[in-house]
Peer 1: 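Once you've had a glance at the structure underneath, I'll fire off some questions.
Computed over heavy atoms, backbone and side chain alike; hydrogens, waters and symmetry mates excluded. Each chain gets a letter, A, B and so on, in the order the sequences are listed, and its residues count up from 1.
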Amino acid sequence: MSPMKLCVPGDKLCSTEDCIPGTGVYLRHGYIYSSLAGYVLRKNEGEELPVISVVRETETQLLPDVGAIVTCKVTSINPRFAKVHILYVGSTPLKDRFRGTIRKEDVRATEKDKVETYKSFRPGDIVLAKVISLGDVQSNYLLTTAENELGVVVAHSEAGAQMVPISWCEMQCPRTHAKEFRKVARVQPEYLQA
Amino acid sequence: MAGLELLSDQGYRLDGRKATELRKVQARMGVFSQADGSAYIEQGNTKALAVVYGPHEVRGSRSRTLHDRAVINCQYSMATFSTAERKRRPHGDRKSAEMSLHLKQTFEAAVMTQLYPRSQIDIYVKILQSDGGNYSVCVNAATLAVIDAGIPMRDYVCACTVGFVDETPLADLCYAEEGGGGSSLALALLPRGGQIALLQMDAMTACKGVSKVLDEVVRQHLQDVSVLTRE
């Protein structure tokens with residue numbers, strides 16, 4: 001492999017007729033320019049034109065986007081919504097915590113009016129959720145768990161043990177056998193990691 | 001001019017440079033591991049540190065959040081030991097606030113803020129030793145720090161000052177030349193696109209030369225453009 005070409009922001013890489021812009025680049029007047037300092041990478045993906053992108057050794061900061069599956073930790077609950085900290089977007093960890101809100105209506109898809117937040121989440125739970133909106137001036141990221149695959153993944157009982165899911169709405173403590181209510185996620189096997 | 005000869009008969013300046021010669025530039029990137037990006041730069045005797053955090057969630061008042069792009073927050077400060085006389089307020093005075101605003105405007109032109117809606121990018125610059133050209137050194141340091149942080153930019157920004165002494169332009173002024181009573185002009189450029197991010201001129205005395213120079217530059221530029229468009 002030839003040595004990787006280095007570039008700095010503002011470098012003209014090629015014309016749009018030669019490549020498709022990927023990440024770390026931008027378009028101007030029919031040319032592709034670099035927007036980062038890093039290595040130029042051309043990848044052929046079966047299409048006619050290679051995809052050109054600029055990569056760095058460290059991951060660039062990612063932001064939660066609409067439709068993204070995020071992993072978050074519940075920080076507080078009240079009758080109307082649960083507040084969470086977003087920790088991961090997909091499988092990439094965030095450098096900074098972003099705050100999100102799961103409203104009562106967005107906890108599950110059916111019987112929305114009968115949802116009670118304290119029967120769905122508890123502070124400290126690890127929850128899989130999907131971003132539905134970036135929010136408006138007053139609110140931050142709005143999240144939903146209204147899918148079978150979304151909801152509480154890890155929860156600890158009052159005794160402090162990690163609970164085992166027994167149905168889509170209940171989890172049991174292995175130590176005291178007490179049952180607690182949660183909006184449990186049916187975790188897809190391909191997402192399970194050690 | 002105040003008994004100080006800024007340009008000798010042989011064409012040398014106070015520190016032995018030629019009129020268009022820059023000071024020695026030394027720079028280092030990634031000086032801190034805690035910050036997302038950082039840089040240290042020396043231009044002659046002016047030394048500056050720049051640190052970049054972000055993009056992260058908007059701190060402070062949430063009303064500052066922008067829906068379509070990131071907020072850029074700049075803070076310029078000078079170390080108390082940076083000047084010949086000890087500085088009482090390292091930041092927050094009128095001059096620093098103005099400088100912060102200029103830095104913010106400069107980087108809003110360069111950073112691709114539309115990629116990070118509803119977030120904030122912090123740029124903190126500190127002058128450790130001041131010897132003229134503070135604004136341009138800060139811009140250069142902050143550019144390196146932004147590159148180090150991996151935040152996308154349209155183009156890197158570079159800045160320099162220029163002054164006039166008896167019709168002769170002097171590049172990259174030092175403190176003595178800045179205070180010498182002439183006019184000084186700071187310019188921040190996006191060099192590849194040939195765009196001006198910020199242009200600022202301070203003149204203590206009459207600046208009759210400048211209108212002539214700017215007029216000439218504009219005419220020259222118009223000529224170039226007309227040649228290009230004809231092609």
Side-chain angles (χ1 to χ4, degrees), chain A residues 6-13 21-29 31-39 53-66 68 70 72 75 83-87 89 93-101 131 133-142, chain B residues 27 29-30 33-39 52-59 61-71 107 109-122 142-158 189-195 197 228:
Chain A
L6 281 166
C7 64
V8 295
D11 275 349
K12 194 190 272 181
L13 300 175
T23 56
V25 298
Y26 70 99
L27 276 173
R28 187 166 66 194
H29 305 321
Y31 288 95
I32 298 174
Y33 294 83
S34 165
S35 64
L36 296 174
Y39 297 101
S53 45
V54 176
V55 290
R56 293 166 55 82
E57 275 144 32
T58 51
E59 281 267 321
T60 47
Q61 173 80 15
L62 204 70
L63 291 187
D65 206 353
V66 173
V70 294
C72 32
T75 52
K83 279 187 180 173
V84 298
H85 275 159
I86 303 171
L87 310 173
V89 175
L94 292 173
K95 268 188 268 173
D96 283 289
R97 282 175 174 179
F98 285 87
R99 280 168 301 184
T101 310
V131 181
S133 154
L134 301 182
D136 49 34
V137 181
Q138 303 93 355
S139 70
N140 25 40
Y141 290 100
L142 283 181
Chain B
M29 282 163 81
S33 55
Q34 294 282 350
D36 294 316
S38 56
V52 170
Y53 291 93
H56 55 71
E57 212 173 13
V58 176
R59 307 263 159 81
S61 67
R62 296 192 54 85
S63 55
R64 289 192 305 141
T65 313
L66 300 173
H67 292 272
D68 51 342
R69 60 198 165 93
V71 178
F107 283 93
V111 173
M112 299 172 79
T113 47
Q114 75 278 10
L115 294 178
Y116 299 107
R118 311 171 52 75
S119 56
Q120 178 181 344
I121 297 167
D122 292 318
T143 298
L144 290 175
V146 171
I147 291 176
D148 186 44
I151 295 170
M153 284 202 284
R154 286 179 190 90
D155 202 344
Y156 58 80
V157 206
C158 50
L189 277 179
L190 303 167
R192 248 59 82 69
Q195 289 161 309
L228 282 175

Peer 1: Taking all heavy atoms of B:I151 and all of A:L36, pick out the closest pair and write down the distance.
Peer 2: C-CD2, 3.8 Å

Peer 1: Using non-hydrogen atoms only, which part of B:M112 is less than 4.5 Å away from chain A: side chain, backbone, both, or neither?
Peer 2: side chain

Peer 1: Test of understanding: with side-chain contact (heavy atoms from CB on, under 4.5 Å), list the residues that count as partners of A:S53, not counting sequence neighbours.
Peer 2: A:T23, A:L41

Peer 1: Backbone N or O of A:N140 within a donor-acceptor pair of the B:R118 side chain at under 3.5 Å?
Peer 2: no

Peer 1: Which residue out of A:V8, A:V25, A:D11 racks up the most heavy-atom pairs below 4.5 Å with chain B?
Peer 2: A:D11

Peer 1: First locate atom OG of A:S35, then atom CG of B:D155, and finally report the distance between them rounded to the nearest 0.5 Å.
Peer 2: 11.0 Å

Peer 1: Give, for atom NZ of A:K12 and atom CZ of B:R192, the distance between the pair rounded to the nearest 0.5 Å.
Peer 2: 10.5 Å

Peer 1: At what distance, to the nearest 0.5 angstrom, does CG of A:L94 lie from CD of B:E57?
Peer 2: 10.0 Å

Peer 1: I'd like to know if the side chain of A:Y33 and the backbone of B:R154 have a donor-acceptor N/O pair within less than 3.5 Å.
Peer 2: no

Peer 1: Please classify the contact between A:R99 and chain B as side chain, backbone, both or neither, with a heavy-atom cut-off of under 4.5 Å.
Peer 2: both

Peer 1: More than 12 heavy atoms of other residues, nucleotides or ligands under 6.0 Å from OH of A:Y26: is that the case?
Peer 2: yes

